[in-house]
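Each chain gets a letter, A, B and so on, in the order its sequence line appears, and its residues count up from 1. Quick note: numbers below take in every heavy atom, side chains included, and nothing from hydrogens, waters or symmetry partners. Keep in mind the model is a prediction, meaning the values are calculated, not measured.
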There are 2 protein chains.
Amino acid sequence: MASSDTRERILDAALDAFGTRGFDATSLDDLAEHLGVRKQTILYHFGSKNDLFMATIDAAVGELGVAMIEAGRGRTGWPAVESVVNTVFRIAVREPARLGLLRETTRLGGAWSNRMRESLAPVIEKARLFLTLEMRRGNMRQTDPNLVLVSAYSTVMGVATEVEVLRAVGIEPTLREAVKRRRELLRFLEAALR
Amino acid sequence: MASSDTRERILDAALDAFGTRGFDATSLDDLAEHLGVRKQTILYHFGSKNDLFMATIDAAVGELGVAMIEAGRGRTGWPAVESVVNTVFRIAVREPARLGLLRETTRLGGAWSNRMRESLAPVIEKARLFLTLEMRRGNMRQTDPNLVLVSAYSTVMGVATEVEVLRAVGIEPTLREAVKRRRELLRFLEAALR
DNA sequence: AGGGCTGTCTACCAATTGGTAAGTGGGTGG
DNA sequence: CCACCCACTTACCAATTGGTAGACAGCCCT
């Protein structure tokens with residue numbers, strides 16, 4: 001039953017582990033034990049730890065990109081931004097590991113970062129186009145879309161995921177706080193962009 | 001010559017390694033070899049890898065906090081923000097590992113994160129006070145200062161350090177680009193805060 | 001001169017890591 | 001019915017890791 005079943009379970013567990021503890025701190029043995037399976041089963045489905053990590057990136061970040069594009073589809077102007085931010089926030093609350101994996105990948109850099117860049121390229125392209133269009137329409141202040149994109153990304157990602165930073169200013173990562181945080185983030189972005 | 005000399009050299013190398021490659025990916029052996037010294041020398045000065053990491057946090061993040069407070073001293077309003085951001089950017093360009101260490105520490109969470117929080121508490125308190133004051137004066141839009149703080153932190157930190165994200169939108173981390181990035185970031189922040 | 005302290009080294013070690021080799025059992029197709 | 005293959009296991013292994021034990025050389029103090 002189902003090689004594919006086991007494969008899927010491994011991918012899920014890997015996403016969780018890599019996304020929260022990080023690549024180096026995740027051992028195949030731990031992963032296997034947590035799955036009730038031997039380490040060699042993992043190595044059977046994915047040839048090596050690196051391969052597993054890559055597969056995890058492809059699966060997880062790919063779906064993230066799809067979700068973001070879906071959130072923006074058919075919308076223009078500020079509502080589009082709002083919708084994407086809401087989607088990212090929902091993911092950050094429900095599957096923090098998925099965004100964690102994104103961050104971990106960029107942190108490690110190198111080949112993995114390239115891999116992720118490919119997965120996300122369509123989203124970035126779409127976002128850049130969106131910004132350019134909005135600027136031309138006069139709905140957004142005129143500047144380098146790339147730099148705006150980086151600022152916006154950093155802000156959203158940080159507010160959505162940096163639990164320890166939140167704690168540092170005395171905000172506990174509860175659901176209620178997340179709602180407030182999202183609202184404030186949207187106001188922040190709105191002020192910055194238009 | 002210097003126990004203190006060696007100690008200092010170890011701390012420098014540790015800051016660099018922990019801040020760029022991360023805690024788990026940094027082995028005492030590598031560190032020692034890079035210093036032209038045996039691993040046991042490191043363990044003599046700092047009892048364990050954990051102790052070394054803590055000492056690194058104290059030294060590096062502490063100095064960072066001092067630099068930020070110094071940058072803000074005597075200034076009010078927008079020029080204060082500008083000065084602090086410039087300082088952080090200068091550090092990001094000249095000693096990327098120092099901000100990397102900050103990020104690594106928040107990433108690892110737990111006891112280390114607490115340690116760092118203590119080191120940075122004065123800076124955070126000062127920043128919160130600043131924001132509250134500026135809001136009362138009407139120089140800044142009225143909202144929860146804590147949340148504004150998180151947004152601003154995330155934006156600055158991200159734009160200053162996330163090399164891979166920059167690459168993803170086609171920005172190479174050159175010095176010239178850093179200048180443009182800083183200018184755009186300041187505009188972004190100015191629009192968002194006031 | 002010699003006892004003690006400091007800083008560094010050599011010599012080990014147990015645990016953990018990612019990975020290889022060689023089965024094993026059960027289901028399927030010819 | 002039997003050969004084969006798929007999913008998974010047991011049995012190892014070499015390398016790396018953080019850490020301990022203890023020797024040794026220089027220096028300071030008396």
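Rounding to whole angstrom units, CG of residue Asp29(A) and P of dG19(C) are separated by 11 Å. Straight-line distance from the CG atom of Asp24(A) to the P atom of dT16(C): 18 Å, rounded to whole Å. Atom CG in Leu52(A) sits roughly 15 Å away from atom C1' in dT17(C) (whole-Å rounding). Rounded to whole angstrom, the span from the CG atom of Leu43(B) across to the P atom of dC12(C) amounts to 19 Å. In this structure, CD1 of Ile42(A) is placed 15 Å from P of dT20(C), rounded to the nearest angstrom. Following rounding to the nearest Å, Arg38(B) (CZ) and dT10(C) (P) show an atom-to-atom distance of 5 Å. In this structure, Asp5(B) atom CG and dT8(C) atom C1' are separated by 14 Å, rounded to whole Å. Atom-to-atom, CD of Glu33(A) to P of dT16(C) comes out at 11 Å; the value is rounded to the nearest Å.
A salt bridge links Arg187(A) with Glu184(A): the closest approach of a Lys/Arg side-chain nitrogen to an acidic carboxylate oxygen falls below 4.0 angstrom. A salt bridge is absent between Glu118(A) and Arg115(A): the closest approach of a Lys/Arg side-chain nitrogen to an acidic carboxylate oxygen does not fall below 4.0 angstrom. Arg194(B) and Glu134(B) are not joined by a salt bridge, as no carboxylate oxygen comes within less than 4.0 angstrom of a charged side-chain nitrogen.
Within 4.0 Å (heavy atoms only), Leu28(A) reaches sugar-phosphate atoms of the nucleic acid but no base atom.
Between atom CG of residue Leu28(A) and atom CD1 of residue Ile10(A) there is a gap of 10.0 Å, rounded to the nearest 0.5 Å.
Taking side-chain N and O atoms only, Thr6(A) has no distance below 4.0 Å to OP1 or OP2 of dA7(D). Phosphate contact (OP1/OP2 of dT17(C), side-chain N/O of Ser27(A), threshold under 4.0 Å): present. For the pair His45(B) and dT6(C), the criterion of a side-chain N or O lying under 4.0 Å from OP1 or OP2 is not met. Under 4.0 angstrom from either OP1 or OP2 of dA7(D) there lies at least one side-chain N or O belonging to Tyr44(A).
Projected onto DNA chain C by closest heavy-atom contact, Asn50(A) and Thr41(B) fall at different nucleotides, the more 5' of which corresponds to Thr41(B).
In this structure, Lys49(B) satisfies the cation-pi test against Phe23(B), with its NZ or CZ atom closer than 6.0 Å to the six-membered ring centre and inside 45 degrees of the ring normal.
Closest to the Gln40(A) side chain, of the nucleotides dC9(C), dG18(D), dA11(D), is dA11(D). Closest contact between the side chain of Lys39(B) and the listed nucleotides dG18(D), dT17(C), dT20(D) involves dG18(D).
Residue Lys49(A) places no side-chain atom within donor-acceptor reach of the base of dG19(C), judged by atom type and a 3.5 Å distance cut-off alone.
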